[in-house]
Visitor: 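Please read through the structure below; I'll follow up with questions.
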Amino acid sequence: MRNSFARAVCRLAATAAAAFAFYHYSWMPAHANHVLKSVQTRTQNALETPGDRAIFAARDNIAYLQTITNACRLSVDYHLLYAVNDRILGRNDDAIEHYTAALAADHRPEIYLDRGITYLEEGKLDPATADIALAARFNPQYLENIDAGMQARVAAVNKAVPYNPPPR
């Protein structure tokens with residue numbers, strides 16, 4: 001009897017471990033991807049919607065994103081969507097934190113540009129200039145949507161920093 005009890009406990013433990021592994025490594029990432037795609041569409045609609053409806057949509061989007069935080073800590077898309085919705089709500093400091101987290105995972109120039117514009121909205125000119133200058137080194141067309149004063153600051157920064165091509 002003791003031997004059968006031990007086998008039953010081992011089977012139960014193995015089943016519980018398998019269920020946990022399935023949930024954590026299979027179902028949750030698939031669910032998180034579904035939520036990210038849904039929130040991406042909803043965020044795009046919120047950006048095109050004027051007034052309070054955009055704010056309500058951004059709050060809902062953040063609530064959806066908070067349900068998948070554990071599965072998406074390293075996801076660039078998660079942090080970018082969170083940052084855009086924070087900006088819709090006017091929470092630029094939180095948006096900057098999420099842009100910084102996205103940059104920790106991937107150094108895309110559009111992330112530097114978005115973080116720079118967010119710094120600019122906060123009135124922080126030095127970090128805004130540094131981020132926008134870095135983005136403009138990759139793609140000079142990013143400067144077309146920036147005002148003339150910031151374009152001059154970015155040009156001065158990029159002129160002062162020499163181009164160092166990678167060794168071959």
Side-chain angles (χ1 to χ4, degrees), residues 13-147 150-151 153-154 157:
T15 303
F20 174 78
F22 173 78
Y23 173 80
H24 197 66
Y25 295 111
S26 183
W27 185 84
M28 195 60 187
H31 173 68
N33 283 337
H34 174 71
V35 170
L36 284 175
K37 293 297 181 190
S38 173
V39 170
Q40 183 177 13
T41 303
R42 293 169 53 92
T43 300
Q44 189 62 36
N45 291 338
L47 288 171
E48 296 168 358
T49 304
D52 289 341
R53 294 184 76 200
I55 292 172
F56 295 138
R59 285 183 188 158
D60 289 344
N61 291 340
I62 288 177
Y64 287 132
L65 288 171
Q66 287 173 344
T67 64
I68 59 170
T69 299
N70 291 336
C72 295
R73 289 178 203 238
L74 300 177
S75 172
V76 175
D77 294 333
Y78 168 81
H79 289 292
L80 291 177
L81 286 170
Y82 212 113
V84 169
N85 284 292
D86 276 338
R87 284 181 68 190
I88 291 171
L89 294 175
R91 301 188 307 205
N92 288 338
D93 289 335
D94 294 337
I96 289 169
E97 288 178 21
H98 282 284
Y99 284 130
T100 304
L103 284 169
D106 192 5
H107 294 281
R108 289 189 264 170
E110 61 269 15
I111 302 172
Y112 282 105
L113 178 69
D114 289 339
R115 189 174 73 171
I117 291 171
T118 307
Y119 275 131
L120 195 58
E121 290 172 357
E122 284 291 301
K124 300 175 182 176
L125 291 179
D126 291 336
T129 304
D131 281 350
I132 294 171
L134 188 57
R137 283 186 213 139
F138 288 102
N139 188 353
Q141 292 179 346
Y142 287 148
L143 292 177
E144 293 174 0
N145 298 328
I146 307 296
D147 68 342
M150 182 55 77
Q151 286 180 0
R153 287 177 64 101
V154 167
V157 167

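Along the sequence shown, residues carry numbers from 1. Computed from heavy atoms alone, side chains included, the values below leave out hydrogens, waters and symmetry copies.
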Visitor: Quick check for you: to the nearest 0.5 Å, what is the distance between Glu122 atom CD and Thr118 atom OG1?
Guide: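 The CD atom of Glu122 sits 8.5 Å away from the OG1 atom of Thr118.
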
Visitor: Taking Leu81's backbone N and O only, do any of them form a donor-acceptor pair with Gln40's side chain (distance below 3.5 Å, no angle check)?
Guide: no

Visitor: For Thr43, enumerate each residue passing the side-chain hydrogen bond (donor to acceptor under 3.5 Å, both in side chains) test, keeping only those at least two apart in sequence or located in another chain.
Guide: Asn61, Asn85

Visitor: Please identify each residue that fulfils side-chain hydrogen bond (donor to acceptor under 3.5 Å, both in side chains) with Asn145, with sequence neighbours left out.
Guide: none

Visitor: Is it true that atom CG of Leu74 has more than 12 heavy atoms of other residues, nucleotides or ligands lying nearer than 6.0 Å?
Guide: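 Open: at most 12 neighbouring heavy atoms sit under 6.0 Å from CG of Leu74.
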
Visitor: With Thr69, which residues qualify under side-chain hydrogen bond (donor to acceptor under 3.5 Å, both in side chains), at least two apart?
Guide: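 If we apply the side-chain hydrogen bond (donor to acceptor under 3.5 Å, both in side chains) test to Thr69, skipping adjacent residues, the hits are Tyr78.
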
Visitor: Kindly write out the residues that satisfy side-chain hydrogen bond (donor to acceptor under 3.5 Å, both in side chains) with Glu144, not counting sequence neighbours, or none if the list is empty.
Guide: none

Visitor: Given His98, which of His79, Arg91, Arg87, Arg115 fulfils the side chain to side chain donor-acceptor pair (under 3.5 Å) condition?
Guide: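 Single pass found, and it is His79.
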
Visitor: CG/Leu80 to CD1/Ile111 distance, rounded to the nearest 0.5 angstrom?
Guide: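 Spacing of CG (Leu80) from CD1 (Ile111) equals 4.5 Å.
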
Visitor: Could you give the distance from OH (Tyr82) to CG (Asp94), rounded to the nearest 0.5 Å?
Guide: 7.5 Å

Visitor: Pair Leu120, Leu125 - check side-chain contact (heavy atoms from CB on, under 4.5 Å), show working.
Guide: CA-CA 6 Å; Leu120 195 58; Leu125 291 179; 3.5 Å; yes

Visitor: What closest approach, in Å, do Ile146 and Gln151 show between heavy atoms, and which atom pair accounts for it?
Guide: O-NE2, 3.0 Å

Visitor: Within this structure, what is the CD1-CG distance for the pair Ile132 and Asp114, rounded to the nearest 0.5 Å?
Guide: 10.0 Å

Visitor: Hey, are the side chains of Lys37 and Asn33 touching, using non-hydrogen atoms and a 4.5 Å cut-off?
Guide: no

Visitor: With the threshold set at 4.0 Å, does a side-chain nitrogen-carboxylate oxygen contact exist between Lys124 and Asp93?
Guide: yes

Visitor: Taking all heavy atoms of Ala135 and all of Pro109, pick out the closest pair and write down the distance.
Guide: CB-O, 3.4 Å

Visitor: Looking at every non-hydrogen atom in both residues, tell me the closest pair between Ile88 and Ala54 and how far apart they are.
Guide: CG2-O, 3.7 Å

Visitor: A quick test of your reading: do over 12 heavy atoms of other residues, nucleotides or ligands sit less than 6.0 Å from CD of Gln141?
Guide: no

Visitor: Sorted by first residue and then second, give each side chain to side chain donor-acceptor pair (under 3.5 Å) pair with at least one member in residues 45-56; sequence neighbours left out.
Guide: Gln44-Glu48

Visitor: Could you go through Asp147 and Arg153, starting from their C-alpha distance and side-chain angles, then the distance that decides it, and tell me whether this counts as side-chain contact (heavy atoms from CB on, under 4.5 Å)?
Guide: CA-CA 10 Å; Asp147 68 342; Arg153 287 177 64 101; over 6 Å; no

Visitor: Do Glu110 and Tyr142 pass the side-chain contact (heavy atoms from CB on, under 4.5 Å) test, and can you show the C-alpha distance, the side-chain angles, and the key distance before you say yes or no?
Guide: CA-CA 8 Å; Glu110 61 269 15; Tyr142 287 148; 3.7 Å; yes

Visitor: Please report the interatomic distance SG(Cys72) to CG(Leu36), rounded to the nearest 0.5 Å.
Guide: 4.5 Å

Visitor: Calculate, to the nearest 0.5 Å, the distance between atoms OH and CG belonging to Tyr119 and Asp131 respectively.
Guide: 6.0 Å

Visitor: Looking only at heavy atoms, which two atoms of Val154 and Ala133 are closest? And how far apart?
Guide: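 Result for this residue pair: CG1-CA, 3.6 Å.
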
Visitor: Tell me, with the steps shown, if Arg137 and Leu134 meet side-chain contact (heavy atoms from CB on, under 4.5 Å).
Guide: CA-CA 5 Å; Arg137 283 186 213 139; Leu134 188 57; 3.4 Å; yes

Visitor: Tell me, please, which residues at least two apart from His31 pass side chain to side chain contact (heavy atoms under 4.5 Å, CB included).
Guide: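 Residues passing side chain to side chain contact (heavy atoms under 4.5 Å, CB included) with His31: Trp27, Met28, Val35, Ile68.
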
